[in-house]
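Written below as structure tokens is the structure these notes are about.
Ligands are counted one by one from 1 in listed order, and the atoms in each one are counted from 1 as well. These numbers were taken from a predicted model, which means no experiment stands behind them. Residue numbers run from 1 in the order of the sequence given.
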Amino acid sequence: MNLSDRIEAVEESRTVRFTPLIQQLRREGKEVINFAVGEPEYDTPTDIISATKKALDEKNTRYGPVSGLPELKQRLAADFEDYDENNIIVSNGSKQALFSVFQVICNPLDEVIIPRPYWVSFSEQVKLSGAKPVFVETIDHQLDCDAIEKAVTRRTKAIVINSPNNPTGAVYPENDLERISALVRNRGLFVVSDEAYDRFIYDNIRFCSMFHFKDIRHQTIVVRSFSKSYNMTGFRIGYIAASKTIISSLSKLQSHLTGNVCTFAQHGAVRALLSGDGQSARHGAEMARKRDIAYNRANQLFDCIKPRGAFYLFPNISKHLRPGESSEEFAARILERTGVAVVPGEAFGAAGHVRISYAVPEDTIHRGFDRMAGAL
Ligand SMILES: Cc1ncc(COP(=O)(O)O)c(C=O)c1O
């Protein structure tokens, strides 16, 4: 019996491909330094945990409203000028949010433009919607707006923007995003803006959301997450801010897809919003320091562009590749030889690179680079 063509056409996330090898090395008693992680090392703040426990004690354990708890949506809407709770839907992490967005906006054979390198799931989620991902190269990790404009055809439905970017850490400046907004307006497209790392910005630069561009608001779909900003990856809470029409379609889909997001986890999310502005100032300063340490160390080994956001480096490792060796084979070699796990660039559509996460303790960053330097 054949499975669906849709599922046969997608690949499992390559970011988890080395998990079995990591587990095996650990079983053998070897210490693995995990630069492949996609989450900050910090614990979930205790007040968020207490609020979640309290919600359980108060028996918030039943089905909830499909689009999310009103209190949570109201607080989230406050971040978006002129939006109210009907412009928000809460999702099981921003991963499910993005999956749902492509299901709701794409028809078979539509095209979705994705700047490359790109976060693993964009391409596969677009394919699962029946549409076709169209990749456009970036220049030094920044958008090539001319190339994006050239890639637009009559089948183009949407452009995906992910700033700060996973895997490169690039933050896109307002003037480039303004060009994208003009393109979106003139060609009648959607822009899907994945802002999962909006709280991870360094060097005092200003984060520009696609929401900033008023004249394309009805075409703009902003996706954000509690995962990294509040150290709540396991809570699985993300959300979408968009026009009421789009949100009501997403709600219709969600009513069949998952019903609602875990009720008591949403109470934890309300607490997160009450307690502060995401990543605390202390963590922000620490992350900036880690970025500097990791960048300086990586630059001695590889060709590396300094990231301004998120918590990843995406160096070019070509000069260390053996004849015919792929980045995936390189990553496997480094893991076996040194116990340092990185994610090969192929996972992000960019061979010749690896992604290094520096969301680990500072001494771990040093030890990981010491080991890699020894082996290379
Ligand atoms: C760019 C980007 N978008 C979305 C996600 C999904 O995060 P979550 O589902 O935990 O909100 C991730 C997770 O790594 C990511 O890197």
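Using a 4.0 Å cut-off to heavy atoms of N166, the atoms of ligand 1 that qualify are 1 (C), 15 (C), 16 (O). Each of the atoms 8 (P), 11 (O) of ligand 1 lies under 4.0 Å from some heavy atom of S225. Less than 4.0 angstrom separates some heavy atom of G93 from each of these atoms of ligand 1: 9 (O), 11 (O).
Within the 4.5 Å cutoff, the side chain of S94 has no heavy atoms near those of the S227 side chain.
Here Y312 and F348 keep their ring centres 6.0 angstrom or further from each other. For F235 and F226, the gap between ring centers reaches or exceeds 6.0 Å.
Of the protein's non-hydrogen atoms, S94 OG, 3.3 Å is the one closest to atom 7 (O) of ligand 1. Protein heavy atom closest to atom 14 (O) of ligand 1, with residue, atom name and distance, is K228 NZ, 2.7 Å. Nearest protein heavy-atom neighbour of atom 9 (O) of ligand 1: R236 NH2, 2.7 Å.
Distances shorter than 4.0 angstrom occur between a heavy atom of Y197 and an atom of ligand 1.
For a threshold of 3.5 Å applied to N or O pairs, the pair formed by K95 and ligand 1 contains at least one separation below that value. Polar contact with ligand 1: present for S227 (N/O pair, distance under 3.5 Å). Taking any N or O of N162, backbone or side chain, none lies under 3.5 Å from an N or O belonging to ligand 1. The shortest N or O to N or O distance between D194 and ligand 1 is under 3.5 Å.
When only modelled atom types and interatomic distance are considered, E328 and S326 share no side-chain donor-acceptor pair under 3.5 Å. Checked by atom type, the side-chain pair T258/Q96 shows no donor-acceptor distance below 3.5 Å.
Taking the six-membered ring where the residue is Trp, F135 and Y118 present parallel rings, their angle staying beneath 30° rather than reaching 60°. Relative orientation of the F302 and H320 rings is perpendicular, given thresholds of 30° and 60° on the angle between their planes.
Both tests pass for R217 against the ring of F211: distance under 6.0 Å to the centre and angle within 45° of the axis.
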